[in-house]
> 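Structure incoming, see below.
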Amino acid sequence: MTIKEIASLAGVSISTVSKIVNNKDQNINPETRSRVLKIVKEYNYTPYGMVKNISSAKTFLLGVLLRTASQSNLMLNGILQAAQEQGYNVLLLDSLNSTDTELKHITSLCKNNVDGVIWEPVDENSSQYEHYFAEQNISVCYINGPDTAYNIDFEKMGYVLTQKLLEYKHSKIACLMKEKSRRSQMVFAGFKKCLFDNQIPYHDKMRLFISDPACCSKVLSHGFSGIVSSHFASSLILYEQMNKLHYYVPSDLSLVSLKDDVREAISFPHISSIKIPYREFGYYVCRNLIQKCEKKDQGEPEYTFVSQCIFDNEDSLDIPSFFRAKKIVVVGSINTDITFNVDWLPQAGKTTTILSSTTTLGGKGANQSVGAAKLGREVSLIGEIGNDTDSTFIFDILEKEQVTTQGVHRDMKAQTGKAYIYIERDGEGTITIMSGANGNLSPEDIQKRQHLFENAGFCLLSTEIPIHTVLEAAKIARKYGAKNIVKPAALKSIPDQLLQNTDIFIPNRKEAAALCPQHTTVEKQAEYFFQKGIEAVIITLGHEGCYLKTAETAKYFPAADFISIDTTGGADAFISALASFLIEGYSLEKAIRIATYAAGFCVSRQGVVPALIDHNTLETHIKKLEPNLLK
C-alpha cells in the first residue's frame, strides 16, 4: 500500500498524509487527521523509511485469506496439518465476501511479512491487488476461482452424481442449484456433460433452483424421477417439501447430493452423497505453497491431489417406479394381537384357564402386508394406529419386515386396535376385537394417500375398517389400474357397489354363508357372488382347501398337508401369497395351489406374523413336493 493510495482513499493530498504519519500535523483539521489515521491503520500502511528496515529473513508464517471461512472447517484442518508437519504457523483471515475487507487483510499479511499465502479471491476485481504480494516476493496459491490453479473438481463430482442416477436407469433428471453459486455452476456443467455423453437431450427445465417457490411443483409437473443437488442443505429442503406433498425418497424420487463439513453430523435422512474432500484439498494446497516458499518447485515432485468421488450410501436411490415390479397396496386393520392358549374356548357361565399368552402385531391389513413383504414384494400399508406405546411396537415390526409405512398414520385421539384371540389345543380359535383407531380410517384418508397406489398391481382389502373406506380404496385402486382382492371379515352384508369393484373375492365358509344365507352350498354361494360381476370367487374351507369359481372354471383345491396349530392367520397368508405369485405372472390356478402351501405353513405354527413364510423357504418346500408347479 503506497502513500498515494492512502491519500486517494482518504480524499486528501499526499503531503497531508505525510504530515500526519510523521507527526507534523499541527495545522491539520482534527477530523481530517482522524480519518487519515483510521485508513492508515485499517490498510496497514507502513512509511517508506520503515519498509527499508523490513528483514527478508523467513518467518515460517503462512497466510490464509478466504472469501468466507464459515464453511471451510475441514479445509482449514488440512491446511493446519500440512503447515505443522513442515514447521509453519498459519494466520487466518476472512474477507467476508467484501473486496474492501480483502484489501485490508492483504496489507496486514504484507505487514506481517508472511512467506506465502493461500488466497481465495472474493471476485474478478481481486486481481488488482496481486501486486502487493509480488512487491514483497510473497508466494501465492490461488484457490476456488474461475482461473485459479487450485480447485476442487466440482464438475467431475456433478458428472459422477449424474452417472449414478443413470446407473439406476433414470433418464428424467434435474439439477438442483443455488443461485449465484460457483459450486452449483460447476456441478451443473458436469451434469450437462454427463447427459451429453450418455445421449440424453438437455433442456432448460432440467435446471432447478431451491429458492424458487415452484421448485417442487416443477419436479412433479415435468415428471423428474432423479435429482442431482449441488448442496446438501438444498437436498434436505427438497426432501422435506416433497414429503409434505406425499412424494417420498427413494420410492417416488431418487436424490443424490454433494455433502460438506457443515452437515457432517446429520444422520437422517439418509441422502446418497459424495463428501467434498475439503480436508484433503487444504492439505494438498498447503504442501504445494510450502514447496514454492522453499523453492522446491524444481527437482522435487509436486504433491498430487486426487478426488475419489465415493458415495457414502445408496439409501436414497432406486430405479424409477415404472421399471420396478408391480407393488401391492394393503388397506386394512392394524392391531396388537394378544393370543391366549386355552383348553377350551370361553363359554357363558364357565371359567376358562389361560395356559399361556403372547403379544404380536396383528390385524388383517398388517398380516397381509407382512406376508407379501416376506415373499419379496414391495408393499405399502395404509391404516390407522393410536397414540400409544403399541404404535411404536407396530412401527418397529413393520420396518423390520420391510413394509412401507408412509400410509400408516397415528391417530392422536385414539388407541391402537386390539384383538384378543383364544386358541384351543386343536388349533381352532375365536377372536374378539376392539377396533380403536381402525374405525377412524376415512375415505378422505385414502384420498390423501392415493399416490401410494401408483404402480400397484393388487390392492388387498379387508373389512375390519369402515365399509365406505373400503369402497373408496377399491375405487382408487381401480383408478390406478390395480386389481382388488377383498376379504369380507366381520360383515353381515356387503354393498353391491363394493362387489362391482372387486376382482377376486375371498370369503371363508362362514363369511360366505352369512353374506349369502339364501344358498346352503359352497358352489351356489360362489355362483351368487360371481353373478355380481366378480371375476373370480375363492371360498376358503380350512383343512378342506378352497373352492374356485370363474367364467372358465369351477373346482376344488385340496389344502396342503400340514398339522394345524393356530388357524388365525391362514387366510391372510393365503391372500398375500396369492397376490404375490399373480404379480410374478403365475396363472390363477397355480397361484392358488402355491397359496395353499403358504397358508399351511402359517397354521402349523403359533401366531400370525412370526408364522408367515418367506419366499425361499416356500419355494424350497414346493420344489420337493410339486417341482412342476414353479416356473
> Whether the side chain of N501 engages the backbone of A474 through a donor-acceptor N/O pair (distance < 3.5 Å, no angle test) should be reported.
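No: the side chain of N501 does not pair with the backbone of A474.
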> Within the 4.5 Å heavy-atom criterion, are K532 and D496 side-chain neighbours or not?
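Yes, close enough: below the 4.5 Å cut-off.
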> Are the side chain of R324 and the backbone of I319 linked by a donor-acceptor contact shorter than 3.5 Å?
yes
> Do we see a donor-acceptor contact under 3.5 Å between the side chains of E314 and Y168?
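Side-chain D/A pair, E314 to Y168: present.
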> Are N440 and E384 close enough that a side-chain donor and a side-chain acceptor fall under 3.5 Å?
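Side-chain D/A pair, N440 to E384: absent.
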> Using a 3.5 Å distance criterion without hydrogens, assess whether the side chain of D503 forms a donor-acceptor pair with backbone atoms of N484.
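Checked: pair present.
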> Does the S333 side chain pair with the main chain of K364, one donor and one acceptor, at a distance under 3.5 Å?
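Yes; judged by distance alone, with no hydrogens or angles, the pair exists.
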> Please examine the side chains of Q406 and L452, heavy atoms only from C-beta on, and report whether any two atoms are closer than 4.5 Å.
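A side-chain contact under 4.5 Å exists here.
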> Do T360 and I338 make a side-chain contact, defined as non-hydrogen atoms from C-beta onward lying under 4.5 Å apart?
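Contact flag for T360/I338 side chains = no.
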> Is there side-chain contact between L361 and V608, with heavy atoms separated by less than 4.5 Å?
no
> Checking L498 against V470 for the side chain to side chain contact (heavy atoms under 4.5 Å, CB included) test, could you report, in this order, the C-alpha distance in whole Å, the side-chain angles of both residues, the deciding distance, and whether it holds?
CA-CA 8 Å; L498 177 56; V470 177; 4.0 Å; yes
> Between the side chains of T416 and D388, does any donor sit under 3.5 Å from an acceptor?
yes
> If only side-chain N and O atoms count, and only distance matters, is there a donor-acceptor pair under 3.5 Å linking E527 with Q531?
yes
> With under 30° as parallel and over 60° as perpendicular, where do the rings of F224 and H222 fit, or are they tilted in between?
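The rings of F224 and H222 stand perpendicular, inter-plane angle above 60°.
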> Is K164 positioned over the aromatic face of F311, cation under 6.0 angstrom from the ring centre and no more than 45 degrees off axis?
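Verdict for F311: a cation-pi partner in K164.
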> For atom NZ of K590, decide whether the heavy atoms of other residues, nucleotides or ligands shown that lie under 6.0 angstrom number more than 12.
yes
> Distance-only, no hydrogens or angles: does the R377 side chain make a donor-acceptor pair with backbone N or O of A372 under 3.5 Å?
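Between the backbone of A372 and the side chain of R377 there is no qualifying donor-acceptor contact (under 3.5 Å).
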> Is there side-chain contact between V379 and T404, with heavy atoms separated by less than 4.5 Å?
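No; the side chains remain at least 4.5 Å from each other.
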> Measure from the side-chain N and O atoms of T567 to the backbone N and O of V603, and report whether any donor-acceptor pair falls under 3.5 Å.
no
> Classify the side-chain pair T568/D566 by whether it contains a donor and acceptor separated by less than 3.5 Å.
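The criterion, which ignores hydrogens and geometry beyond distance, is satisfied for D566 and T568.
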> Fit a plane to each ring of F562 and Y597, take the angle between them on a 0 to 90° scale, and name the class: parallel (under 30°), tilted (30 to 60°) or perpendicular (over 60°).
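Ring orientation of F562 relative to Y597: perpendicular.
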> Roughly how far apart are L165 CG and N198 CG, rounded to 0.5 Å?
11.5 Å
> Assess K418 against Y420: is NZ or CZ under 6.0 Å from the centre of the six-membered ring, and within 45 degrees of the ring's axis?
no
> Any donor-acceptor pair under 3.5 Å linking the side-chain atoms of T469 with those of S442?
no
> Hey, does S235 have a side-chain heavy atom less than 4.5 Å from the side chain of I271?
yes
> Less than 4.5 Å apart, any side-chain heavy atom of R207 and any of F209?
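Result yes, sub-4.5 Å side-chain heavy-atom pair found.
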> Has the side chain of T502 got a donor or acceptor atom that lies under 3.5 Å from a matching backbone atom of F505?
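Such a contact is absent between T502 side chain and F505 backbone.
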> Is the backbone of N508 close enough, under 3.5 Å, to the side chain of E511 for a donor and an acceptor to pair up by distance?
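Yes: the side chain of E511 pairs with the backbone of N508.
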> Heavy atoms, side chains only, cut-off 4.5 Å: are C175 and V187 in contact?
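Result yes, sub-4.5 Å side-chain heavy-atom pair found.
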> Which label fits H615 and F581: parallel for a plane angle under 30°, tilted from 30 to 60°, or perpendicular past 60°?
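H615 vs F581 ring planes: parallel.
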